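Data first, discussion second: the structure below is written as structure tokens.
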Amino acid sequence: MTRKVPKEIKQFVTAILVLNSRKEYILAVGLWPYWRHKKLFRNGLKARKIENKQDLEEGLDWCFEKGGRSDFDTAYSRISLMPMDSRQFILKTMSQEDDNFHKCNGIHHEMHRIPLGGILAVDMTEYLFIALAGQRLGYLTEEEAAERFRSGLKKLQENYRDWNEFIVGYNYGMQHHSANFSNEYARINKRYLRTILLAKRSPMNKINWQMSLDF
Amino acid sequence: MIIDWDLLEIEPTKDIPAIKKAYAKQLKKNHPEDNPVGYQKLREAYNNAVKYAKNPVEKEAYSVEHIEFELNQDADIHTSPIQPFLSTPSLSFYEQILSIYEDYTRRIDINEWKGLLDQEEIWNVELFERNKRVMTRFLEEHHHLPREVWEWFNQIFHWQSWNQDFFQTYVQSHNNLRFQYIKDMEKDHDLFLNYRDNVYSGLTGQTAFDPAELQKAMELFDRDPDLLKMQAHYYKELKEWELALETYYKAIEIEPEEWDCYAERVRIYTYLENWQIVIKEASDILEKIPNHQIKIHLAKAYSATENWEKALEIIEQILAEEKNNLEANLLYAQIPKSKKLIVQNEMVQKEMAPFSWKERIKLFRKFLFIPWLILISVITFIIHVSLTDDIERHTGLDLVGWMQNLFQSVEVMKIDSVNQLEDLEDTPHSFVTLSIQDARHTGLYETLGKRVEWHTRERGFYNIEDATYPENLLEDDAKPIFVGYLGDTAIIFTQSLEDIPVNLPTTQSFDTIVTGEWRPIDNHSDSEAVTNRVESKVILSKDDRTAPVITDMYADGAMKLDEPMSFLNYPFIALLLFLYSYIIFSIYRGCRIAFYREVRK
């Protein structure tokens with residue numbers, strides 16, 4: 001029997017994908033009209049160089065198992081396992097023009113504030129986007145997509161306590177990937193992400209982060 | 001790394017003595033003086049082969065004998081005028097290196113090394129190069145030294161300028177772990193440090209992590225805070241929270257100022273939502289280090305336990321230092337508004353309306369100049385103008401009125417007597433249909449306020465006889481004014497030029513049905529002249545009628561309400577409505593998009 005994705009789960013996935021999309025568009029005109037367009041998914045997969053089912057599954061597996069977070073995890077382990085003095089010494093010896101310096105410096109300043117889930121949020125939003133696109137464009141059956149959604153959401157729930165942590169993890173991940181920890185970047189993201197979280201229409205206000213995934 | 005084994009004339013091997021023998025053999029054929037290019041290539045092949053043989057994966061512990069052998073081989077090969085290093089008093093230098101290294105307490109003391117390298121003979125110009133090589137080779141096999149010792153060695157030997165690989169491996173990529181806690185170990189320091197290095201490399205993703213090595217290291221010595229941190233890190237990855245908490249606690253017992261371990265405990269308790277412990281431990285840390293990152297966890301704990309005042313106090317402290325801290329902003333925003341009023345500040349307003357009106361107007365103006373929107377607006381305007389006359393003529397209403405009337409034409413009253421018209425005095429602009437008899441053209445025209453005879457006239461009656469170019473008046477826009485009888489009463493009315501022949505003589509009478517608006521005549525500037533003219537026309541009419549009554553209203557009969565609008569208009573009306581909706585929606589959406597785009601710049 002084909003297992004369909006319940007509406008609440010679709011909404012949960014969509015809520016997460018808010019962060020992975022044209023955020024201003026979603027804030028302006030709402031989410032559902034946006035997701036109706038297959039062109040969005042087609043372009044999304046094209047940008048990720050996914051052209052067939054095999055590419056799609058490889059992309060999904062990569063996001064799930066490794067993803068961009070491996071770079072962060074390596075840097076985080078390296079920095080956090082060092083004693084404080086050594087961290088400061090290392091940062092002093094690095095070139096400030098190097099992206100790696102900004103990444104390590106960011107970790108040094110945030111290492112005790114970053115949620116325990118780290119920057120998994122970025123990879124999982126990517127994972128869920130690819131899975132949804134795969135379903136909409138016919139690469140994945142409803143059942144396969146349901147399984148992907150469940151595994152992705154479960155991983156997120158295990159690693160973040162609530163929407164706040166998820167957003168903070170996502171924001172930190174984006175900063176890490178772009179090696180941009182500037183005040184301006186933080187200012188823009190703060191205003192924008194806060195709006196997303198607090199907006200009345202935001203699905204994040206309607207969906208329980210720890211909702212049951214039994215379907 | 002490419003190794004020219006053919007040049008050495010041997011099969012690939014990791015047997016260093018065999019490589020050296022092959023090198024010595026080939027050196028005779030490629031003497032530096034006879035064949036410098038050949039010698040250069042041979043030397044490169046030899047260096048690469050030795051590096052290959054010393055592959056760290058299969059690296060064997062080199063003994064003093066190895067080094068002696070290598071250096072003797074080098075000495076034999078090069079037949080250097082410098083005395084063989086190990087057969088001279090310099091051998092004591094090597095022994096001193098070894099003796100310092102083998103005593104762990106001395107090894108990690110940088111002063112011991114400084115004392116050794118302070119000896120004059122080390123700096124002897126002829127011997128320095130050789131000593132440098134001895135030291136380098138020794139350190140390749142005995143690298144468990146603190147970072148500061150390595151740094152100091154590098155200042156002397158400048159590896160980055162002549163041996164980048166070595167510099168990269170041992171100086172730049174030093175794991176920066178601490179050595180002082182291991183002093184308490186009785187033996188097997190190097191074995192422990194090997195395990196610790198491997199665990200560190202494994203956890204930081206440089207090599208595959210083997211939990212067995214962590215176990216072995218812990219069995220050898222379990223009081224090294226760095227290793228305990230690694231173990232706790234491993235437990236965190238396994239989500240073994242209790243074990244991780246316990247391990248951090250052990251590290252704190254050994255080093256009470258290990259603030260990272262305190263902070264990690266708080267971080268785990270936050271994840272576990274054990275708020276009371278978070279409050280206690282975070283407060284303890286903040287007493288010692290007031291600006292520690294851990295402050296955010298304290299704010300979270302206070303928010304979660306609904307201690308709003310404390311939460312606000314902490315959040316404000318964080319925001320005072322980092323006003324763009326996302327998490328603090330999110331927490332602040334989620335505190336109930338009623339509680340937030342306790343602390344009145346700028347943030348409350350910012351939260352309610354994060355963007356000023358000035359910003360919004362600026363963005364709105366910016367958006368209006370978008371070319372496509374202008375183009376669509378122009379098209380919409382053209383369609384609107386071309387349709388609006390037609391709609392008005394057929395429905396009696398303009399576009400908006402027609403839409404407001406749910407696309408129904410205006411209600412037209414059939415008037416049979418003057419009494420009925422008099423009843424309409426209180427409701428002028430009603431639409432009427434009149435059956436007029438014995439109508440005559442008055443010779444006057446009503447202009448519609450448009451351009452007539454090269455200048456713009458107000459709406460009003462106009463005598464064509466006064467016009468210099470009557471053709472222009474008629475062609476441009478004018479309606480002839482008639483007078484006719486509704487029963488016995490004279491009524492003024494207009495008809496469109498389409499219905500009445502332009503050259504209609506004023507003496508010829510006709511019967512007609514007029515449909516149009518019942519309007520007050522006072523609006524006309526020349527109303528008195530009109531009245532006189534009408535009177536004269538009426539007097540000229542049939543003698544058997546009673547005295548004429550000139551009403552102060554007239555029927556503006558330009559409409560064709562009795563005819564349905566052409567079906568061809570409906571698609572255009574639909575298009576027009578769509579375009580209007582599109583423009584309104586675009587402005588709304590565009591402003592918001594522009595607004596957020598601006599925010600994201």
Side-chain angles (χ1 to χ4, degrees), chain A residues 22-30 70-71 73-87 89-90 93 108-117 158-165 167-172 175 182-195 197-198, chain B residues 147 151 172 174-178 200 203-206 225-226 229-230 233 236-237 239 258-260 263-264 266-268 270-271 273 292-297 300 322-334 350-351 354-355 585 588-597 599-601:
Chain A
R22 288 173 56 190
K23 305 174 185 77
E24 70 280 357
Y25 187 101
I26 287 162
L27 279 176
V29 299
S70 58
D71 169 55
D73 290 343
T74 304
Y76 182 84
S77 306
R78 188 171 161 234
I79 295 291
S80 67
L81 292 177
M82 267 182 211
M84 170 84 90
D85 295 347
S86 302
R87 286 204 295 273
F89 172 81
I90 287 284
T93 56
H108 173 61
H109 283 106
E110 299 287 330
M111 57 185 280
H112 300 306
R113 292 202 281 219
I114 299 167
L116 281 173
E158 282 171 0
N159 284 279
Y160 300 106
R161 279 189 313 115
D162 52 23
W163 283 108
N164 267 21
E165 281 201 353
I167 289 178
V168 170
Y170 183 88
N171 181 56
Y172 192 80
Q175 283 187 289
S182 69
N183 195 40
E184 185 60 13
Y185 187 96
R187 184 186 69 80
I188 291 164
N189 272 287
K190 174 197 74 177
R191 286 170 102 182
Y192 164 68
L193 290 173
R194 192 175 64 180
T195 312
L197 184 71
L198 300 178
Chain B
R147 188 198 68 229
E151 289 287 327
Q172 215 167 34
H174 193 283
N175 61 23
N176 292 293
L177 300 178
R178 291 166 291 190
Y200 182 81
L203 288 175
T204 54
Q206 297 165 46
D226 288 343
K229 276 168 72 180
M230 288 183 222
H233 185 87
K236 274 197 301 184
E237 283 187 355
K239 300 198 186 303
E258 193 63 55
W259 301 111
D260 284 351
E264 283 307 294
V266 171
R267 201 161 154 241
I268 293 171
T270 301
Y271 180 81
E273 301 188 356
H292 198 280
Q293 302 170 23
I294 216 72
K295 208 179 257 183
I296 194 77
H297 295 283
K300 275 190 216 177
E322 307 165 73
K323 66 175 181 176
N324 293 320
N325 182 301
L326 177 66
E327 202 166 11
N329 273 279
L330 290 179
L331 281 175
Y332 184 85
Q334 286 167 328
K350 288 263 174 180
E351 189 185 316
F355 305 101
F585 177 69
Y588 166 74
R589 188 188 64 172
C591 287
R592 292 197 65 162
I593 290 174
F595 176 57
Y596 285 106
R597 270 188 194 153
V599 169
R600 293 185 73 193
K601 268 183 194 169

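Proteins come first, then strands; the chains are lettered A, B, ... in the order of their sequence lines, and each starts at number 1. Given the structure is predicted, the values throughout are model-derived calculations rather than measurements.
- In this structure, Tyr200(B) contributes its side chain and Arg78(A) its backbone to a donor-acceptor pair below 3.5 Å.
- Of the atoms belonging to Ile79(A), not a single heavy atom falls under 4.5 Å from chain B.
- Heavy atoms closer than 4.5 Å to chain B are found in both the backbone and the side chain of Ser80(A).
- Leu203(B) touches chain A through backbone and side chain together, each having a heavy atom under 4.5 Å away.
- Only the side chain of Arg147(B) comes within contact range of chain A, with heavy atoms under 4.5 Å apart.
- Qualifying side-chain contact (heavy atoms from CB on, under 4.5 Å) partners for Gln293(B), counting only residues two or more places apart in sequence or in other chains: Met111(A), His112(A), Arg113(A).
- Shown here are the side chain to side chain donor-acceptor pair (under 3.5 Å) partners of Glu273(B), two or more places apart in sequence or in another chain: Arg161(A).
- Nearest heavy atom pair, residue Leu81(A) against residue Leu177(B), reads O-CD2, 3.7 Å.
- Among Lys236(B), His174(B), His297(B), the residue making the largest number of heavy-atom pairs under 4.5 Å with chain A is His297(B).
- Annotation: side chain of Tyr172(A) is not in contact with side chain of Glu327(B) (no heavy-atom distance under 4.5 Å).
- Counting only distance, with no hydrogens or angles, the side chain of Ser77(A) and the backbone of Thr204(B) share no donor-acceptor pair below 3.5 Å.
- The CG atom of Asn175(B) sits 9.5 Å away from the CD1 atom of Ile90(A) when rounded to the nearest 0.5 Å.
- Nearest heavy-atom pair, Ile268(B) versus Leu116(A), reported as atom, atom and distance to 0.1 Å: CA-CD1, 4.0 Å.
- Only the side chain of Tyr76(A) comes within less than 4.5 Å of a heavy atom of chain B; its backbone N, CA, C and O stay farther away.
- Under 4.0 Å is where a charged nitrogen must lie from a carboxylate oxygen, and between Asp260(B) and Arg87(A) at least one such pair does.
- Highest contact tally toward chain A, considering only Lys300(B), His233(B), His292(B), is held by His233(B) [criterion: heavy-atom pairs under 4.5 Å].
- Neither the backbone nor the side chain of Glu258(B) comes within contact range of chain A; no heavy atom of the residue lies under 4.5 Å from a heavy atom of that chain.
- At a 4.5 Å heavy-atom cutoff, the contact between Asn159(A) and chain B is made by backbone and side-chain atoms alike.
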